[in-house]
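Here is the structure we will look at.
For ligands, and for the atoms within them, numbers begin at 1 and follow the listed sequence. Please read all numbers here as calculations on a predicted model, not as lab measurements.
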Amino acid sequence: MSNKIYLFANWKMYLDYDESNILANAIADKKKSIPKSVKMAIFPSALALYTVGQALRDVGISIGAQNTHWIDKGGYTGEVSAVMYKEAGCQYALVGHSERRHLFHETNHEVRQKIEAILLAGLTPVICVGETEQERQNNKTESAIEIQIRAALQNLVWPKAKPRTEPFYGSGTGNRELIIAYEPVWAIGTGQACDPQEARRMHELIKKQVVALTGVSPIILYGGSVKPENIAQYLKNPNINGVLVGSASANFESWMKIISNI
Ligand code: PEP
């Protein structure tokens, strides 16, 4: 298990091309104030991903895709595949984010197809799971999460490591790294963060299920209204390996405060 603190920044569609590059360069300039224990990754818009990656490459900050398609190449207007993100320098890919599930009606089946393509492309998936407010009120929190995780990971076949060839489609790294982001839907973008003890309980449950299904001990992040004021309460818990942050990561001052408050 990693001793790193994962600080993952989902910039969503908050920043345009220039704003993304300005923020990436500002973060790179502050590299010295980022503790060595932090593993940081930024998920910019697809448009800014390459230049943001260039700005961050030399300071050890990774980049990731916010969404991927499961087919490598073809007539899929508007889509970008996992292998294309890999070629553009990504290390990670978000999959199953609640905004994809709820605003774009992404199903558990599609999430699973994306996870397989992400692994095959040699990226690490950041699999987002979370219950809705209604599920929580109806005491269905645990079962909602279990269903999402089972659909994502049951009988998963890990791609074998192959030497990189050109094109290197389908050359999984053989690296069995899984990141799960526990993101209660009701906590995303609402300012209503999950109680840290409850997040910890959910992380324990998720960990048990992922280990039982895959034999791999996952890195588990909490996401949902993380701010400079509450970050430390989450990271106190040993089962919370880090955070996935939306709005507070797309602003230089609040992201720097989050880093200094860990
Ligand atoms: C997210 O979208 O992954 C997220 C956690 O958003 P926010 O931090 O804005 O709640």
Residues Lys114, Glu106: salt bridge by 4.0 Å N-O rule: yes

Sorted by chain and residue number, the ring-ring contact (aromatic ring centres under 6.0 Å, His included) partners of Tyr234 (sequence neighbours excluded) come out as Tyr222

Ser249 side chain vs Ala9 backbone, donor-acceptor pair below 3.5 Å: no

Lining ligand 1 at under 4.0 Å, by non-hydrogen atom distance, are residues Asn10, Lys12, His97, Glu183, Ala187, Ile188, Gly189, Gly223, Gly224, Ser225, Leu244, Val245, Gly246, Ser247

Applied to residues 236-262, the ring pair (Phe, Tyr, Trp, His ring centres under 6.0 Å) test, sequence neighbours excluded, yields none

For Lys39, does the NZ atom have more than 12 heavy-atom neighbours from other residues, nucleotides or ligands under 6.0 Å away?
yes

Ring pair (Phe, Tyr, Trp, His ring centres under 6.0 Å) pairs touching residues 18-48, sequence neighbours excluded, are Phe8-Phe43

